[in-house]
Chemist: 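One structure is given below, represented as structure tokens, and several questions about it will come after.
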Amino acid sequence: INLPSMRILIFEPLLIGHHLEYLHHIYLGAIRATKNTFVFAVPRKEWEIKRTNYVWPEGENIEWLALDDEECEYTNRGNLFIKSLRLSVFIRRIAIQVNVQRIFLIQLANAVPFLPLMLPGNMTLTGIIYKIYLRSNKRGIRKALEKIRYTIMAHSKNMERAFILNDSKS
């Protein structure tokens, strides 16, 4: 199968926890997928500090976009609903700015329910859902938000794939 090349946005606004490690694994795969162009969008200051923790070989198909640190931090303030909305608006703006066809998120659930509903029809969304969050017992507003999230993910034309991390059945 001869698939057309595409531009893919790897968007990571917070390099916390294992996110830099995951980003590195994605990067190593991306430099081998030479038919596609990958745009890695990361917070400027955090990236400058933490990038030396790993070796990042040159890749002709890789572009880097330094995100505004204050805007990255702003998307992480407020309740879950507000954070999701702010993050989704930010991702959508960057995706349109760098003209990509696919968006990959290390924490997909953070941008749902809003991002799949905001994307232009020519963009798809994919990313990682963490098994620990799928299996945790939620109540009240969190339970309702989870139902909304997964219903939108299941039915949105922009949702391409959701990868379940640490799930032997996936």
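Along the sequence shown, residues are numbered consecutively beginning with 1.
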Chemist: Under the side-chain contact (heavy atoms from CB on, under 4.5 Å) criterion, do I8 and V100 qualify, and how do the steps go?
Modeler: CA-CA 5 Å; I8 302 166; V100 295; 5.9 Å; no
Chemist: Who are the salt bridge (charged side-chain N to carboxylate O under 4.0 Å, His left out) partners of R102, not counting sequence neighbours?
Modeler: E160
Chemist: Who passes side chain to side chain donor-acceptor pair (under 3.5 Å) against H24, sequence neighbours left out?
Modeler: none
Chemist: So L20 and E46, do their side chains get closer than 4.5 Å, heavy atoms only?
Modeler: no
Chemist: Quick check for you: to the nearest 0.5 Å, what is the distance between N99 atom CG and Q97 atom CD?
Modeler: 10.5 Å
Chemist: Pairs in or reaching into residues 9-18: which pass salt bridge (charged side-chain N to carboxylate O under 4.0 Å, His left out), with residues at least two apart or in two chains?
Modeler: none
Chemist: With a 4.5 Å heavy-atom cut-off, do R32 and L28 have their side chains touching?
Modeler: yes
Chemist: Find out whether L67 and R44 are in side-chain contact, i.e. whether some heavy atom of one side chain is under 4.5 Å from a heavy atom of the other.
Modeler: no
Chemist: Search all heavy atoms of C72 against all heavy atoms of P13 and return the closest pair with its distance.
Modeler: CB-O, 3.4 Å
Chemist: Counting only pairs under 3.5 Å, give me each side-chain donor-acceptor contact of residues 55-62, with atom names and distances, residues two or more places apart or in other chains.
Modeler:
unit_1: W56; atom_1: NE1; unit_2: R51; atom_2: O; d: 2.8
unit_1: W56; atom_1: NE1; unit_2: Y54; atom_2: O; d: 3.3
unit_1: N61; atom_1: ND2; unit_2: A30; atom_2: O; d: 2.8
unit_1: N61; atom_1: ND2; unit_2: A33; atom_2: O; d: 3.0
unit_1: N61; atom_1: ND2; unit_2: N36; atom_2: O; d: 3.1

Chemist: Residues sharing L14's hydrophobic cluster, by side-chain heavy-atom contacts under 4.5 Å among ILVMFWY, directly or via others?
Modeler: I16
Chemist: Atom NZ of residue position K45 - does it have more than 12 heavy atoms of other residues, nucleotides or ligands inside 6.0 Å?
Modeler: no
Chemist: V98 versus L65: any side-chain heavy-atom pair under 4.5 Å?
Modeler: yes
Chemist: Under the ring pair (Phe, Tyr, Trp, His ring centres under 6.0 Å) rule, collect the residues that match up with F40, sequence neighbours excluded.
Modeler: Y27, W64
Chemist: side-chain contact (heavy atoms from CB on, under 4.5 Å) with L119: which residues, sequence neighbours excluded?
Modeler: I103, L115, M123, L125, N158
Chemist: Any salt bridge (charged side-chain N to carboxylate O under 4.0 Å, His left out) involving residues 64-73? Give me the pairs, sequence neighbours left out, ordered by first then second residue.
Modeler: E71-R93
Chemist: Do L80 and I82 share a hydrophobic cluster (ILVMFWY, side-chain heavy atoms under 4.5 Å, transitive)?
Modeler: no
Chemist: Answer whether the closest heavy-atom distance between the side chains of I26 and I106 falls below 4.5 Å.
Modeler: yes
Chemist: With sequence neighbours excluded, give me every side-chain hydrogen bond (donor to acceptor under 3.5 Å, both in side chains) pair touching residues 74-89.
Modeler: Y74-R86
Chemist: Heavy atoms, side chains only, cut-off 4.5 Å: are V42 and L23 in contact?
Modeler: yes
Chemist: Could I get the full list of side-chain contact (heavy atoms from CB on, under 4.5 Å) partners for Q101, not counting sequence neighbours?
Modeler: M6, R7
Chemist: Which atoms form the tightest heavy-atom contact between T52 and I49, and what is the distance?
Modeler: OG1-O, 3.7 Å
Chemist: Please identify each residue that fulfils ring pair (Phe, Tyr, Trp, His ring centres under 6.0 Å) with F11, with sequence neighbours left out.
Modeler: F90
Chemist: So, for N110 and L87, which heavy atoms are closest and what is the spacing to 0.1 Å?
Modeler: CB-CD2, 3.7 Å
Chemist: Side chains of P43 and L15: closer than 4.5 Å at any heavy-atom pair?
Modeler: yes
Chemist: Answer yes or no: is there a side-chain heavy-atom contact under 4.5 Å between F104 and I128?
Modeler: yes
